[in-house]
Every structure is written in C-alpha cells, then in structure tokens.
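Heads up, the thing below is written out as structure tokens.
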Amino acid sequence: MARPPAMSKRDNEKKRETKRLEKQKRKEERKLSNNKGAALEDMFMYVDENGQLTDTPPELRKKEDIDLESIVISTPKKTEEEENPVHKGRIEYFNESKGFGFVKELASVNKYFFHISNAKVEIKEGNIVFFELERGPKDMNAVNLRFEEGPKPESRESQEEKEN
C-alpha cells in the first residue's frame, strides 16, 4: 500500500487557520439569527375574548367591570332531605343454623346483611320485611327487621298445630 503524501508544517497550519475562520463565521451567523436578546414584549402572548392566542395586547376599552361582591366562592348549602329510615325488602337468604341472612331492598338492588338477633319476628326466606340500616364493621347492616303492619304471618308453632 502506498503511503499518503506527507503534509508539511505550513499545510497543517493553513488547514487549522481555515477551520478557525469557518468556525468564527458560523458563530457570527448564529449571533445574527438568534433572538435571545429580543424585547420582553415581543415574547408575550395574549388570549383574546374567543380564547385564541394572539401577539397583540387586548384593547382596554373592551374590558368589562365585574363587581367583586357578586362572585361567590363556596359550596352551596346542603338542604336537609328527610330520608325515610325504614326500608322495605325481601329475605333473599337465611341460614337458620347460623342465624344470619341477607335482605334485598325492594326499591333498589342493594342487599344487606342481618343477624337473627336484630329481628323482632321469626323469619323465613321470601318474607317481605321492613328494616332500618345501621353501619356495621364492614358495611351497612339491616336491623330491627319486622313484618309489614296488617295481617301478621303465623309462627311455626301455629302452622304445625293447623297441620295436625
């Protein structure tokens, strides 16, 4: 392979000088095209009455005076609605041996846990009952279970007597 022609000191110096001049030229071009030193007002953007960005400031005569007293910053007062504490539901599931079950509210799809100790009457699956809600350890529980007013369902003992 042939060796590249040897560069003299003078050639190397000329090469360095041309690189330095090119670098200086690029630096000056960047300075001229840079708008870093532009006026602060030229960098502002404004929002017009339609919500569009514009570089012209809004006209002062279009401003609308607002009464500061008319601005209300708060949440509206909650009107107390008297909620009916008594709910109506059907016994969906009842385990007699363990003494617990679930009642499904008729007005909604919510199901509530109940324990037999909170029932004032004898309960079977399918019975329609009235109940109240109380916060339990996990969720809302049905308490004070009772049958609707009117004809009361017969107890088991009276049913057995009729059958015999």
Can you confirm whether [X] sits close enough to [Y] that some side-chain heavy atom of one is under 4.5 Å from a side-chain heavy atom of the other?
X	Y	value
I116	F94	yes
M140	E134	no
E22	K25	no
T18	K14	no
I91	K124	no
R26	R30	yes

Taking a hydrophobic cluster as the set of Ile, Leu, Val, Met, Phe, Trp and Tyr residues connected by side-chain heavy atoms closer than 4.5 Å, whether directly or through intermediates, do Y46 and L53 fall within one such cluster?
no

Under a single-linkage definition using a 4.5 Å side-chain heavy-atom cutoff for Ile, Leu, Val, Met, Phe, Trp and Tyr, are L68 and I73 assigned to the same hydrophobic cluster?
yes

How long is the straight-line distance from [atom2] of [Y] back to [atom1] of [X], given to the nearest 0.5 Å?
X	Y	atom1	atom2	result
R146	E132	CZ	CD	5.5 Å
Y93	K111	OH	NZ	12.0 Å
R16	L21	CZ	CG	13.5 Å
K88	L106	NZ	CG	6.5 Å
F130	L145	CZ	CG	11.5 Å
H87	K104	NE2	NZ	16.0 Å

Can the ring centroids of H115 and F100 be said to lie less than 6.0 angstrom from one another?
no

Expected output: side-chain N127 to main-chain V129 donor-acceptor under 3.5 Å:
no

Taking atom CD of E13 as the centre, does the number of heavy atoms from other residues, nucleotides or ligands within less than 6.0 Å exceed 12?
no

Considering non-hydrogen atoms only, spot the tightest contact between V103 and F131 and give its length.
CG2-CE2, 3.9 Å

Can you tell which of V143, I123, N141 makes a side-chain contact (heavy atoms from CB on, under 4.5 Å) with F114?
I123

